[in-house]
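Residues take their numbers from the sequence shown, with the count starting at 1. Just so it is clear, the structure is predicted and the values come from calculations on it, not from any experiment.
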Amino acid sequence: MDGTNKRLEDKWFDINFLEMYTRSCLKTFGYFDEILIVKKRIEVLKNVLEKQYLSTNDYAEEFFELNTTLESIKEYIKLNLVIEKEPISICIMVKNEERCIKRCIDSVEILAEEIIIIDTGSTDNTINIIEECANEKIKVFSKEWRNDFSEIRNYAIEKATSEWLVFIDADEYLDEASVLNLLSTLNIFNNHKLKDSIVLCPMINEANNTIHFRTGKFFRKDSGIKFFGTCHEEPRIKGMPNSTLLIPIKVDYLHDGYLAKVQSNKDKKTRNIELLEGMVELEPDNPRWAYMFVRDGFAILDNEYIEKTCLRFLLLDKNVRICVNNLQNHKFTLSLLTILGRLYLRECEFEKSNLIIRILDELIPNSLDGKFLAFMERFSKLKIEINTLLTEVIEYRRNHEVDETSLINTQGYHIDYVLSILLFETGNYAQSKKYFDFLQENHFLEELFQDSSYSIILKMLESVED
């Protein structure tokens, strides 16, 4: 199956059809109990975040004629919409997760037929904490870590026995309000004709309030789906890219594993960059790995390499300048454009950054990322202008110490005040403080302003050491 086909192609998963079907039933037969089954289906389908997955047709009618009996309608609804609940295996991989493993287990325990935990060599108190849970659902297996996240996740698939597999990382936990949503949403897909291609994606809420929608976590064991990739792995059918249908749903995972303190303790960034470099070599024509490599390695990779990598997966014609009509169309196009814009801003290549900003605005007007780049470009130019002005004022002051014709201050203290402000704005706080202290000692600030409007800056500089 081509994972780019974004429709479930089933009227019983189409909210518009179900609502019209309900109206038609009520108009023809009046209320009957099975109507609640249809309404429940509609409510569950609202957990699917992007409605293009659901729509099969545009329905303009309010209702249609039902040329059948009430008993036939009841049986028809039961046949198509009554779903048996199927068991769930929770799958967790761990290594030195004493900080968070109990939180994770507690959040999903109520859902699970079994909890499969794969330990890759914990040396802290992780295993003891798991054992202290004294939960018969928990099954712990050991697996050597060989720098491959997919290998561990696929081992969990092998050990799991339930129909539905729910993956959650040890540094994630399921929001309590999402438990019922997850159960009902998984079950609704039990009898879908594409169920062996469907991978459901929770909303992963980072500690900095960023939300990820397209990380596949839930699928059926008998689908044959396996993970691929040593890092930032993805579910695939027979190893083929874009072979699954990723569907974001209203189920909240909370994740704090990329907080600075946690990352530092586990050195996640370095590990990820090394693993992603290997994926770029393994699948050099896949934009997924190229984007993730330059994203995670943005602070340390060579600028020329980042630019070449981005342009390779952006340009249709490598001999033509980047523009909207010369862009490849894939799921990482916008992400690579944003990386490229950030790179050009970091290097103060404003002509290039402005081109990227205009392209982003043409593709998605007023997007957060496009506006971020535009605002940062203006700010960067202002910083350069301020630094240029600082140099100019320093040079002027060096050559103009006293001016008896000045109506403000013959000693030039007002120029020193300009210097103190510019030094503050450019981050030269110690030097700025020296100037402000000098001006205060000479009572110039009160003389200039005759109020305390400069006191905010002085307050900020109090903690700066000379």
Within the 4.5 Å heavy-atom criterion, are Arg41 and Leu18 side-chain neighbours or not? yes

Would you confirm whether Lys137, through its side chain, and Glu109, through its main-chain N or O, come within 3.5 Å as a donor-acceptor pair? yes

Near Lys318 NZ, under 6.0 Å, is it more than 12 heavy atoms from other residues, nucleotides or ligands? yes

From CA spacing to verdict: side chain to side chain donor-acceptor pair (under 3.5 Å), Asp252, Asn205: CA-CA 7 Å; Asp252 285 298; Asn205 298 261; 2.9 Å; yes

Does the side chain of Asp369 come under 3.5 Å of the side chain of Ser367 through a donor N or O and an acceptor N or O? no

Side chains of Leu363 and Val324, heavy atoms from C-beta outward: is any pair under 4.5 Å? yes

Would Ile247 and Phe213 count as a side-chain contact (heavy atoms from CB on, under 4.5 Å) here? Give the steps. CA-CA 9 Å; Ile247 302 178; Phe213 296 91; over 6 Å; no

According to the interplanar angle, ranging from 0 to 90°, do the rings of Phe444 and Tyr413 count as parallel (below 30°), tilted (30 to 60°) or perpendicular (above 60°)? perpendicular

In terms of ring plane angle, is the pair Phe167 and Phe219 parallel, tilted or perpendicular, where the classes change at 30° and 60°? parallel

Geometric class of the Trp145/Phe149 ring pair [parallel <30°, tilted 30-60°, perpendicular >60°]: perpendicular

With sequence neighbours left out, write down each residue that passes salt bridge (Lys or Arg N to Asp or Glu O under 4.0 Å) with Glu131, or none if nothing qualifies. none

Using the salt bridge (Lys or Arg N to Asp or Glu O under 4.0 Å) criterion, which residues pair with Lys308? Sequence neighbours excluded. Glu304

Donor-acceptor side-chain pairing of Thr185 and Asn47 below 3.5 angstrom: yes

For residues Ile105 and Cys133, report the shortest heavy-atom separation together with the two atoms involved. CD1-SG, 4.3 Å

Is the shortest heavy-atom distance from the side chain of Arg295 to the side chain of Met292 under 4.5 Å? yes

